[in-house]
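FYI, side chains are in, hydrogens and waters are out, and symmetry mates aren't considered; it's all heavy atoms of this structure. First the proteins, then the strands, lettered A, B, ... as listed; each starts at 1.
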Amino acid sequence: MFFCLQVVLNKHKLTIAMEKAKLQEYWKINLGYLVGLLVVWFVVSYGFGILLVEPLNAIRLGGFKLGFWFAQQGSIYVFVVQIFVYVMLMNKLDKKFDVHED
Amino acid sequence: MSVQLWTYLIVGLTFAIYIGIAIWAKAGSTKEFYVAGAGVHPMINGMATAADWMSAASFISMAGLISFMGYDGSVYLMGWTGGYVLLALLLAPYLRKFGKFTVPDFVGDRYYSNAARTVAVICAIFVSFTYVAGQMRGVGVVFSRFLEVDINTGIIIGMAIVFFYAVLGGMKGITYTQVAQYWVLIFAYMVPAIFLSIMITNNAIPQLGLGGATSDGVYLLDKLDNLSKDLGFAAYTTGSKPMIDVFAITLALMVGTAGLPHVIVRFFTVPKVRDARISAGWALIFIALLYTTAPAIAAFARVNLINTVSNKAYAEMPSWFKNWEKTGLLAWMDKNDDGKIQYLGKKANGGDAFEGEKPKFTKEKGPVGQMMLSNKPTDNANELYIDKDIMVLANPEIGRLPNWVIALVAAGGLAAALSTAAGLLLVISSSVSHDLIKKQINPNISESAELMYARIAVAVAILVAGYFGINPPGFVAQVVAFAFGLAAASFFPIIILGIFSKRMNKEGAIAGMLTGLVFTAAYIINFKFINPGDNNPDHWILGISPEGIGTVGMVLNFVVSFVVSRFTPAPPEDIQELVDSLRYPKGAGEASAH
């Protein structure tokens with residue numbers, strides 16, 4: 001009887017530990033997504049639109065100089081796409097790790 | 001029909017819609033009042049967020065600023081959109097999981113400290129009032145120009161409308177009104193842009209028209225570069241601000257956006273964590289539609305303005321020129337008595353047309369009928385004073401578009417100003433009734449009493465905002481840098497750290513918030529109020545202007561919080577568990593006060 005209880009208790013501890021490890025794994029993957037997306041966020045706006053604007057302006061996109069286009073148009077389009085990419089990735093991840101709502 | 005008649009018609013119609021929605025969406029509980037019952041569909045919430053976010057500054061001022069700044073204006077375009085990426089990735093889902101009503105709620109609970117909560121409340125109220133004053137000025141400008149009523153009457157009408165739907169409906173009324181306001185403002189912004197794009201570049205999509213060619217085969221942007229250089233202005237597509245300042249301003253605006261309480265609170269209104277993420281995406285789509293159109297409007301307006309006024313006789317100016325002259329936002333001083341308007345930049349012996357910030361009219365008429373000025377002339381050759389704020393509003397007239405389009409733009413400007421004002425007023429109201437009265441002064445207050453206080457707080461806030469609109473303090477323009485700088489330097493780092501660092505404790509957060517706040521405020525106050533004469537790159541730290549200094553304040557905040565937290569005790573166990581629970585969407589209950 002006592003032994004049985006011990007086993008159940010141990011099992012319970014084990015599931016908690018597993019649960020914790022799983023959640024940590026989930027958080028790590030999330031942080032990976034964030035770093036990747038924030039690098040893109042930085043490159044299209046601060047990189048192409050500001051720091052590299054002069055060399056990029058030598059390239060033309062129709063009537064636009066490329067650096068100017070990134071600063072006033074391109075970076076904004078990329079921002080929108082980024083958010084939806086993140087939403088998609090996270091919805092998948094939430095399901096995979098069973099932390100999604102309902 | 002005349003412009004005025006059209007304006008009365010369209011503005012009257014939109015106002016009737018707003019009031020109708022207010023009556024339909026009356027709030028019955030504090031939850032409905034603060035966060036619209038946390039039951040708003042993410043796309044609807046995105047649309048409301050977009051209207052909430054796009055203020056009189058976005059609608060009326062931004063394209064005008066870009067028009068005169070060219071490439072340098074990109075700081076607003078990237079700065080006021082890129083923050084949504086930070087919101088969606090770093091803040092919105094976690095704050096939704098936290099599930100309370102306000103930003104000070106999060107700060108106070110996460111840092112287990114009423115002192116931190118109080119600092120947050122003060123920041124939230126200050127930032128929001130700064131912003132509201134700007135909206136009321138926008139309302140006044142639109143009313144005085146298009147309905148030709150007194151500015152004060154205009155502000156009182158605007159106040160009455162906001163009063164009605166904010167007091168009655170709270171966040172619920174505001175959210176659904178903002179959806180209507182989004183449609184009004186985006187329609188009003190796009191219609192003239194499409195008209196002008198077709199007229200100038202023969203392309204119906206303004207975003208493409210900006211890169212298109214004009215009727216003589218020259219690309220619009222190349223033409224603008226040449227026109228600007230010929231008249232002694234900096235080339236349109238390269239700009240003149242130092243790179244480090246462009247970098248710092250853009251970052252301060254982005255981070256500031258993500259730290260503004262009236263934006264953050266919008267993500268408390270959706271049902272689930274994943275709704276908060278996608279809601280930020282929808283918001284940015286709706287915002288991007290206007291923000292990618294703005295640079296096109298800026299370029300069209302610039303070309304049209306130069307072609308209409310440069311070296312043309314005053315007597316031949318179209319009626320818009322004289323109408324705007326009457327509002328004091330446009331003035332002409334015929335320094336060389338040739339009867340023609342010389343509009344010149346610094347490199348062609350141009351500069352400010354006269355001394356003093358604003359034109360002072362003498363009430364006399366000059367030889368060709370211009371309104372005479374008492375300002376002392378400067379010794380350069382430029383004769384034209386033009387307030388950047390009029391470009392969007394005057395654009396349809398400059399481009400000779402039909403009267404109904406002009407009226408539509410007026411209604412759009414009002415929608416933008418009113419929707420933002422309402423969102424801000426709600427933050428002020430919840431800060432007072434929830435964060436101060438309920439959380440600090442009288443925790444046992446009943447729900448209906450709290451709701452009553454919330455309504456009273458909105459009403460008082462509207463009166464104060466209206467007062468600032470009628471008696472605008474001279475510093476409204478200067479304090480906008482404050483709003484973003486303070487949000488960037490105070491809220492953003494401690495919210496981020498509160499989610500991403502379990503070790504961050506109350507000592508670190510308070511020290512960081514105060515450092516960021518004091519440093520940023522001191523820098524702005526020094527250059528804007530105490531030593532405005534020194535406000536130039538020679539005196540700035542690292543070459544960063546007061547507009548961009550929030551970036552440095554934010555970095556200081558991060559560093560100080562990190563260092564202080566390592567030398568002080570870790571936060572209690574239950575707080576660390578709270579942080580853990582924020583990170584996983586499962587179990588996000590409805591937003592609650594307890």
Side-chain angles (χ1 to χ4, degrees), chain A residues 19-20 22-24 26-27 30-31 33-38 40-42 44-54 57 60-65 67-91 93-95 97-102, chain B residues 66 70-71 73-75 77-79 81-82 84-90 93 201 207-208 210-213 218-222 236-239 243 246-247 250-251 254 271-275 277-278 280-285 287-288 291-292 294-296 298 500 580 583-588:
Chain A
E19 188 79 356
K20 235 185 163 174
K22 221 180 78 179
L23 288 179
Q24 268 168 2
Y26 167 86
W27 185 243
N30 179 23
L31 291 182
Y33 290 161
L34 291 181
V35 170
L37 287 166
L38 288 177
V40 175
W41 167 82
F42 184 87
V44 293
S45 51
Y46 297 94
F48 296 163
I50 298 176
L51 300 173
L52 300 173
V53 69
E54 276 174 41
N57 273 346
R60 295 198 63 119
L61 192 76
F64 288 110
K65 293 174 179 166
F68 180 83
W69 182 79
F70 266 107
Q72 301 214 334
Q73 299 272 309
S75 56
I76 302 176
Y77 299 135
V78 177
F79 293 155
V80 172
V81 173
Q82 282 197 290
I83 297 184
F84 282 91
V85 167
Y86 181 66
V87 167
M88 211 185 61
L89 288 173
M90 287 311 281
N91 283 349
L93 194 69
D94 287 354
K95 286 233 168 73
F97 282 84
D98 195 31
V99 292
H100 60 288
E101 301 137 285
D102 61 48
Chain B
I66 299 168
Y71 165 78
S74 315
V75 297
L77 294 166
M78 290 189 283
T81 52
Y84 278 84
V85 177
L86 299 177
L87 268 171
L89 270 54
L90 303 177
T201 66
Q207 284 83 346
L208 300 178
L210 176 61
V218 182
Y219 282 123
L220 173 68
L221 289 169
D222 292 341
Y236 191 81
T237 56
T238 49
M243 187 183 282
V246 172
F247 191 99
T250 308
L251 191 54
M254 278 199 199
K272 295 196 177 78
V273 171
R274 67 161 189 268
D275 296 334
R277 290 190 200 117
I278 199 158
W282 284 118
L284 188 57
I285 285 192
I287 292 168
Y291 271 62
T292 53
F500 289 87
D580 255 337
R583 297 179 175 181
Y584 315 111
K586 203 171 197 167

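- With rounding to the nearest 0.5 angstrom, the CE atom of B:Met78 is 7.0 Å from the CZ atom of A:Phe79.
- Taking the ring centroids of B:Tyr84 and A:Trp41, they lie at or beyond the 6.0 Å cut-off.
- Taking each heavy atom of B:Ile66 and A:Gln72 in turn, the nearest pair found is CG2-NE2, 3.9 Å.
- Ion pairing between A:Asp94 and B:Lys272 fails under the 4.0 Å rule for side-chain N and carboxylate O.
- Using a 4.5 Å heavy-atom cutoff, the side chains of B:Thr237 and A:Asn57 are not in contact.
- Top candidate by heavy-atom pairs under 4.5 Å with chain B, chosen from A:Trp27, A:Phe70, A:Phe97, is A:Trp27.
- The aromatic rings of A:Phe68 and B:Tyr236 sit tilted, their planes meeting at an angle between 30° and 60°.
- With values rounded to the nearest 0.5 angstrom, B:Leu86 atom CG is found 9.0 Å from A:Ile83 atom CD1.
- Among B:Ala283, B:Gly82, B:Ala298, B:Ala213, the residue with the largest count of heavy-atom pairs under 4.5 Å with chain A is B:Gly82.
- For a residue to count as touching a neighbouring chain, one of its non-hydrogen atoms must lie under 4.5 Å from one of that chain's; by this rule A:Val53 touches chain B with the side chain only.
- Taking OG of A:Ser45 as the start and CG of B:Leu251 as the end, the distance is 9.0 Å to the nearest 0.5 Å.
- Looking at A:Asn30, the atoms closer than 4.5 Å to chain B (heavy atoms on both sides) all sit in the side chain, from C-beta outward.
- Options A:Trp69, A:Phe64, A:Tyr46, A:Tyr86 differ in how many heavy-atom pairs under 4.5 Å they form with chain B, and the most are formed by A:Tyr46.
- Of the listed residues (B:Tyr219, B:Tyr291, B:Phe500), the greatest number of heavy-atom pairs within a distance under 4.5 Å of chain A belongs to B:Tyr219.
- The choice from B:Ile285, B:Thr201, B:Leu220 that makes the most heavy-atom pairs within less than 4.5 Å of chain A is B:Ile285.
- More than 12 heavy atoms of other residues, nucleotides or ligands shown are found within 6.0 angstrom of NZ on A:Lys22.
- For B:Leu210, the parts sitting under 4.5 Å from any heavy atom of chain A are the backbone and the side chain alike.
- Between A:Phe84 and B:Trp282, the angle of the ring planes goes over 60°, which puts this pair in the perpendicular group of the 30/60° scheme.
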